[in-house]
Amino acid sequence: MIDSVEKLYKQIDELKNTPKTASTILVSLGTCGIAAGGNPVYEALKSAIADNKLEHVFNLVPTGCMGMCHSEPTIEVVHHATGERVFYGNVTPENASAVVNAGQGVAVGIPLLERSWYCPEDEEKVSDEQVQARIVLRNCGRINPEVIDEYLVNGGYTALAKVLTGMSPDEVVQKVLDSGLRGRGGGGFPTGKKWEFAAKQKEKTKYLICNADEGDPGAFMDRAVLEGDPHAVLEAMAIGGYAIGAEHGYIYIRAEYPLAIQRLQIAIKQAEAKGLLGKNIMGTGVNFTIELKYGAGAFVCGEETALIHSIEGKRGEPTFKPPFPAVSGLWGKPTIVNNVETYASIPAIFRMGIESFRKIGTEKSPGTKVFALAGKIDRMGLVEVPIGTPIRDIIFKLGKGCKYGKKFKAVQTGGPSGGCITTDNLDTPIDYDTLIALGSMMGSGGMIVMDEDDCMVNIAKFFLEFTLDESCGKCTPCRIGNRRLFDMLEMICDGKGTEDMIERLRTLANIIKDTSLCGLGQTSPNPVLSTMNNFMDEYLAHIKEHRCPAGVCTKLITYNINDNCVGCTLCARNCPVACISGEKKTKHVIDQDKCIKCGVCFNTCKFHAIDRV
Amino acid sequence: MACQNCEELDLIVKFPEKTAELDTYIDSLGLNNDMEHNRGLLIQCLHRAQHIFGYLPLEVQKHVSKKLSLHLSEVYGVISFYHYFTETPVGRYKINVCTGTACFVKGAGTVLEEFKRYLNLEQGETSADRKFSLGGVRCLGACSLAPVVMVNDKVYGNVTPKMVPEIINECK
């Protein structure tokens, strides 16, 4: 039990002075690491260490996501004597023991990965290869998220200690204001401003909410933080509670994230047991408790008023602002809603100091942003870059461009609410305002890369289908307008589009933007407008020529076998509907009535014998 | 009341031990006479009820509404709003094709079509023998393995339409 701040520092010192093993092996065991087979690797390492009786040399630690999803399962070996860090990717249970056998050296036969980041809190940037600066992800992949001591030894809960003993609530709010931190959930509203509004309210009961309802398909940074470093969020919430005068906080988390929920539950229990959360935190007389609330699969609940209704046990429909939640939120009380990543930045700000924090990022948006790179990119994963980094650096330096040498076409940021950014704008420094100027938005940080094989009309249709599904139905423009937009796009993709649809799409999209109540409706036509602005040629090809340039829209393409066919039967063997027939060594034929246009034959043929028209 | 003519008997009556499990959970939450307080517990009660019964038919909804002293209409309103809750029974094997953006651009659409064709089911349907349910799920967060299919708790990565029969054959 830590009942005073001095005791916290003392405990941290003791932990720091505990003798370490010569090396630590960190195994990335976030959801993606486990899905890629991380657990068997962990077990293999465990038995390799036990078999060789090397427990005194190697300390095996399960951690959260290291961000290198492209090479999962990944492990990192830290040799403490030299400070050397070795990253291995694509580790298998079979080759894992080589790491143990290599001792203090580097194991051969396992792919090595380079470290493309530095942690501004602990070290200086030493090379240009370090495009990433990790503040939010600092502990992810470095500590065991289920052991509070590992968080403590890295300076955990010292920010809270500093705040509770040396600062008044007003000073805390001022410090967050001065840091220039903006909401990382997408909107980019200054966090300090929100806190200031709530702190000014005279109500006795106030609430603090953490929005962990990460609904944007293709974004998984919040999950990584909650799975890899749950205490950072808890500590920040306690700081926020003190600043605005709230004694109770909620984390609203997706039910689809079982591992994050489990690790949060463990973290809350451990923090309460240590006296770092709950009643009379560290003997300072400050109280703050945190409770988990589960979402139930509604994208609109990422909107703060809808989220509040969901916590109240109602349908998650948004309501008109003002009154803002900071004035009247959960059960009518002043309430702050911040995103996971925003919270995770806060302890670092107090530990590093405002000056060092503001050195990273831009003048108007200091700090870093985590992005989830996915889609047709070579190196998928999580990256955390200073705000203001050119988009090109993120995609080509960190992501290494498109897979299989395909040509880059566009990157979608902001998920279903955002837009696409094309080659022309790749040198734009990434920031809330620059992205809005490009007709997209920062959003929660999903970055989906598309290559030459993606049809942009079809992409716009995909996002609208998502919005249709997720629209709560409260406002007519969003409920019916988006349906009409979708119908038109479907007709265009089916080759039934007419030229006047371009104008009708644009008009309707603007009406929906102007007349919807919440962020979901206001931004839902963005993918349509953005693809129309950047890829009008593709829309026109669908409408005028009934042709899908990327060869995706199934109603507009047919597959035929040409004279290059040598009768190798590969396509026929791979066809899922068995619609390709022909004798060995003779030209094959596709039965067009049965063909589902999946493209498997096109991709498997080694002789360029399949035409897509 | 449940229909007496079909097999679907009232779950609450049919499974007293499951009902007792749900009641123990709800009672442990500390209900009181404050409607607002009870309503705040509704969603977690429904999560637990669906976990216990597999789905949320009318009888279960009525039971929860009585326990929490809420109107049935409120309970139904919540269930019909959130995608996570289902009013129809699901199959033994819940096949979920990820329809997140990353999986979509990598061809999850053709995989889903192949599952539909192979199982002769539409998205959201359950086979007559209650063996398979076919659904879509918005992003499992395993984007590096896209396209991803999840069968109960097992994750299949880099799925192609060709792999569909193999995946189904493993469900035995």
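Chain letters run A, B, ... following the sequence lines, proteins first and then strands; every chain starts at 1.
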Separation between CD1 of Ile596(A) and NZ of Lys116(B), rounded to the nearest 0.5 Å: 11.5 Å

Greatest number of non-hydrogen atom pairs under 4.5 angstrom with chain A, of Leu42(B), Val78(B), Val164(B), falls to Val78(B)

Between Pro576(A) and Pro161(B), which heavy-atom pair has the shortest distance, and what is it? CG-CB, 4.1 Å

With a 4.5 angstrom heavy-atom cut-off, could you sort out which part of Phe466(A) is near chain B: side chain, backbone, both or neither? both

With a 6.0 Å cut-off (strictly less than), is the heavy-atom count around CG of Asn169(B), excluding the residue itself, greater than 12? yes

Can you tell which part of Asp453(A) gets under 4.5 Å to a heavy atom of chain B, answering side chain, backbone, both or neither? neither

Trp331(A) and Gly40(B) have their tightest heavy-atom pair at CZ2-CA, 4.4 Å

I'd like to know which of His70(A), Glu72(A), Lys376(A) tops the heavy-atom pair count under 4.5 Å against chain B. Lys376(A)

For Arg117(B) and Val577(A): C-alpha separation, side-chain torsions, deciding distance, then whether side-chain contact (heavy atoms from CB on, under 4.5 Å) applies. CA-CA 9 Å; Arg117(B) 200 190 62 81; Val577(A) 290; 3.1 Å; yes

Between Arg379(A), Glu470(A), Lys403(A), Gln412(A), which residue shows the highest count of heavy-atom pairs closer than 4.5 Å to chain B? Glu470(A)

Using non-hydrogen atoms only, which part of Cys472(A) is less than 4.5 Å away from chain B: side chain, backbone, both, or neither? both

Polar side-chain atom of Lys314(A) near backbone of Gly77(B) as donor-acceptor pair, under 3.5 Å: no

To the closest 0.5 Å, what do you measure between NZ (Lys597(A)) and OG1 (Thr110(B))? 14.0 Å

Crowding at NZ, Lys131(B) (>12 non-hydrogen neighbours, <6.0 Å): yes

When the 4.5 angstrom heavy-atom criterion is applied to Ile311(A) and chain B, the contacting part is backbone

Give a yes or no on whether Tyr76(B) atom OH has more than 12 heavy-atom contacts from other residues, nucleotides or ligands under 6.0 Å away. no

Which bit of Glu114(B) is near chain A, if near means a heavy-atom gap under 4.5 Å: side chain, backbone, both or neither? side chain

At a 4.5 Å cut-off on heavy atoms, which part of Thr160(B) comes close to chain A: side chain, backbone, both, or neither? neither

Where does Asp454(A) contact chain B at under 4.5 Å (heavy atoms): side chain, backbone, both or neither? side chain

Checking heavy atoms, do the side chain of Gln44(B), its backbone, both or neither come under 4.5 Å from chain A? side chain

Which value, rounded to the nearest 0.5 Å, describes the distance between Thr101(B) atom OG1 and Asp216(A) atom CG? 6.0 Å

Fit a plane to each ring of Phe104(B) and Phe462(A), take the angle between them on a 0 to 90° scale, and name the class: parallel (under 30°), tilted (30 to 60°) or perpendicular (over 60°). parallel

Identify which of Ala35(A), Ser310(A), Gly381(A) forms the greatest number of heavy-atom pairs closer than 4.5 Å to chain B. Ser310(A)

First locate atom CE of Met150(B), then atom CD of Glu256(A), and finally report the distance between them rounded to the nearest 0.5 Å. 10.0 Å

Roughly how far, to the nearest 0.5 Å, is NE2 of His83(B) from CG of Asp469(A)? 4.5 Å

Return the minimal non-hydrogen interatomic distance between Arg223(A) and Ala142(B), and the atom names on each side. NH1-N, 4.4 Å

Looking only at heavy atoms, what is the nearest atom pair of Gly316(A) and Tyr82(B), with distance? N-OH, 3.2 Å

Could you tell me which of Gly30(A), Cys32(A), Gly375(A) has the largest number of non-hydrogen atom pairs under 4.5 Å with chain B? Gly375(A)

Heavy-atom pairs under 4.5 Å with chain B - which of Gly218(A), Ala374(A), Ala296(A), Ala255(A) has more of them than the others? Ala296(A)

Could you tell me whether a side-chain N or O of Lys293(A) sits under 3.5 Å from a main-chain N or O of Ile43(B), the two making a donor and an acceptor? no

Relative to chain A, which segment of Ser144(B) carries a heavy atom at a distance below 4.5 Å: side chain, backbone, both, or neither? both

Can you tell me if Lys400(A) has over 12 outside heavy atoms packed within less than 6.0 Å of its NZ? yes

Would you confirm whether Tyr84(B), through its side chain, and Arg254(A), through its main-chain N or O, come within 3.5 Å as a donor-acceptor pair? no

Has Asp27(B) got more than 12 heavy atoms of other residues, nucleotides or ligands less than 6.0 Å from its CG? yes

For Ala298(A) against Phe81(B), the heavy-atom pair lying closest together: CB-CE2, 3.9 Å

What are the two closest heavy atoms between Cys139(B) and Pro217(A), and how far apart are they? CB-CA, 3.7 Å

Check against side-chain contact (heavy atoms from CB on, under 4.5 Å), Glu465(A) and Thr99(B): CA-CA 11 Å; Glu465(A) 196 182 352; Thr99(B) 52; over 6 Å; no

